[in-house]
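Atom set for the values below is all heavy atoms of this structure, side chains included, hydrogens, waters and symmetry mates excluded.
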Amino acid sequence: MIFLGTFEHALDTKNRLVLPSKFVNNLTKKVIISKGFDGCLECRSEKDFTLYSEKLMSLSQTKKDTRIVIRQLLANAADIEIDSAKRVLIPLTLLKEANISKDITIIGVGNKIELWDKAIYNKFKNETDKSYEAIAEKLNE
């Protein structure tokens with residue numbers, strides 16, 4: 001399963017988010033939403049989250065950086081049921097982690113879905129659009 005595309009949605013008054021149909025169709029009834037990088041939340045299937053966390057847990061936990069990443073990931077994660085209306089209830093603690101207020105940009109990033117505050121994503125995208133080609137060129141070095 002590969003998640004692709006960009007969608008704009010809004011939280012309802014109960015902090016529920018309707019996930020795009022094309023994403024929900026590739027997920028099971030439960031997902032894991034966790035703190036991501038660059039100011040977003042990440043949404044993965046249970047299976048993909050388990051694989052991701054197991055890779056992190058296999059790193060040397062005698063290293064402080066490993067412990068920090070594992071703590072940040074697992075302490076800021078929640079398993080969430082997708083309801084019959086294709087909504088997920090995002091805990092307030094996670095919304096605060098990503099500074100998400102109401103308007104959300106949802107992007108497919110391969111094996112995960114990223115949830116961004118719309119204004120923060122637009123700023124991030126504008127900044128990274130300028131360096132996209134130069135970064136891509138460096139990846140092949």
Side-chain angles (χ1 to χ4, degrees), residues 1-83 85-141:
M1 109 187 82
I2 301 268
F3 297 106
L4 304 169
T6 303
F7 305 86
E8 292 186 358
H9 289 245
L11 290 174
D12 68 13
T13 56
K14 296 181 180 178
N15 293 335
R16 294 176 300 196
L17 174 68
V18 176
L19 293 174
S21 292
K22 75 183 271 185
F23 289 172
V24 172
N25 294 339
N26 289 316
L27 293 168
T28 57
K29 191 82 171 138
K30 189 184 286 187
V31 294
I32 309 297
I33 297 179
S34 63
K35 181 177 183 173
F37 298 97
D38 303 313
C40 72
L41 297 177
E42 296 178 345
C43 177
R44 288 181 169 85
S45 68
E46 282 184 291
K47 179 182 174 185
D48 283 336
F49 185 83
T50 298
L51 292 171
Y52 178 58
S53 61
E54 284 174 351
K55 282 182 186 176
L56 288 174
M57 299 294 283
S58 72
L59 299 173
S60 173
Q61 293 190 33
T62 60
K63 293 185 178 183
K64 186 174 184 175
D65 288 347
T66 301
R67 294 191 307 271
I68 289 169
V69 171
I70 290 170
R71 282 186 192 121
Q72 287 289 328
L73 174 70
L74 298 178
N76 295 292
D79 54 336
I80 298 170
E81 296 277 337
I82 299 174
D83 70 15
K86 300 178 183 172
R87 297 176 300 199
V88 289
L89 175 62
I90 304 174
L92 190 55
T93 54
L94 289 177
L95 293 173
K96 286 180 180 179
E97 278 292 329
N99 294 309
I100 293 174
S101 52
K102 181 167 177 55
D103 294 321
I104 297 182
T105 299
I106 305 166
I107 62 174
V109 188
N111 68 342
K112 66 184 175 186
I113 300 162
E114 290 184 349
L115 310 174
W116 292 78
D117 177 82
K118 182 181 176 181
I120 293 171
Y121 178 73
N122 288 338
K123 182 176 184 241
F124 176 81
K125 185 174 182 333
N126 287 335
E127 290 171 357
T128 57
D129 278 350
K130 297 171 189 166
S131 57
Y132 167 70
E133 289 183 17
I135 292 170
E137 190 170 317
K138 288 180 190 177
L139 294 178
N140 290 321
E141 291 178 354

Can you give me the closest heavy-atom contact between [X] and [Y], atom names plus distance?
{"X": "Leu89", "Y": "Arg16", "result": "CD1-CG, 3.8 Å"}
{"X": "Thr66", "Y": "Leu56", "result": "CG2-O, 4.1 Å"}
{"X": "Leu4", "Y": "Phe23", "result": "O-CE2, 3.3 Å"}
{"X": "Ile120", "Y": "Ala98", "result": "CD1-O, 3.8 Å"}
{"X": "Ala10", "Y": "Leu17", "result": "O-CD1, 4.2 Å"}
{"X": "Gly5", "Y": "Phe7", "result": "C-CE1, 3.9 Å"}

Say you draw a straight line from [atom1] of [X] to [atom2] of [Y]; how long is it, rounded to the nearest 0.5 Å?
{"X": "Phe49", "Y": "Glu54", "atom1": "CZ", "atom2": "CD", "answer": "10.5 Å"}
{"X": "Ile135", "Y": "Thr128", "atom1": "CD1", "atom2": "OG1", "answer": "7.0 Å"}
{"X": "Leu41", "Y": "Ile100", "atom1": "CG", "atom2": "CD1", "answer": "4.0 Å"}
{"X": "Arg71", "Y": "Lys64", "atom1": "CZ", "atom2": "NZ", "answer": "9.0 Å"}
{"X": "Ile70", "Y": "Lys63", "atom1": "CD1", "atom2": "NZ", "answer": "12.0 Å"}
{"X": "Leu94", "Y": "Ile80", "atom1": "CG", "atom2": "CD1", "answer": "6.5 Å"}

- Please list all pairs passing the side chain to side chain donor-acceptor pair (under 3.5 Å) test where one or both residues lie in residues 98-110, with sequence neighbours left out. Ser101-Asp117
Note, [X] side chain near [Y] side chain (heavy atom, < 4.5 Å):
{"X": "His9", "Y": "Ile106", "result": "yes"}
{"X": "Tyr52", "Y": "Leu73", "result": "yes"}
{"X": "Asn76", "Y": "Ser34", "result": "no"}
{"X": "Asp48", "Y": "Glu42", "result": "no"}
{"X": "Phe3", "Y": "Leu27", "result": "yes"}
{"X": "Glu114", "Y": "Tyr121", "result": "no"}
{"X": "Leu11", "Y": "Leu95", "result": "yes"}
{"X": "Val31", "Y": "Ile113", "result": "no"}

- Item | Flag if over 12 foreign heavy atoms under 6.0 Å of NZ, Lys125 |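 No.
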- Counting N and O atoms only, with roles assigned by atom type, does the side chain of Lys29 sit under 3.5 Å from a partner on the main chain of Ile82, one being a donor and the other an acceptor?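 Here the side-chain-to-backbone pair exists.
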- Contact list for residues 86-97, test salt bridge (charged side-chain N to carboxylate O under 4.0 Å, His left out), sequence neighbours left out: Lys35-Glu97, Asp83-Arg87
- Intermediate values then yes/no, side chain to side chain contact (heavy atoms under 4.5 Å, CB included), Val69 and Leu59: CA-CA 11 Å; Val69 171; Leu59 299 173; over 6 Å; no
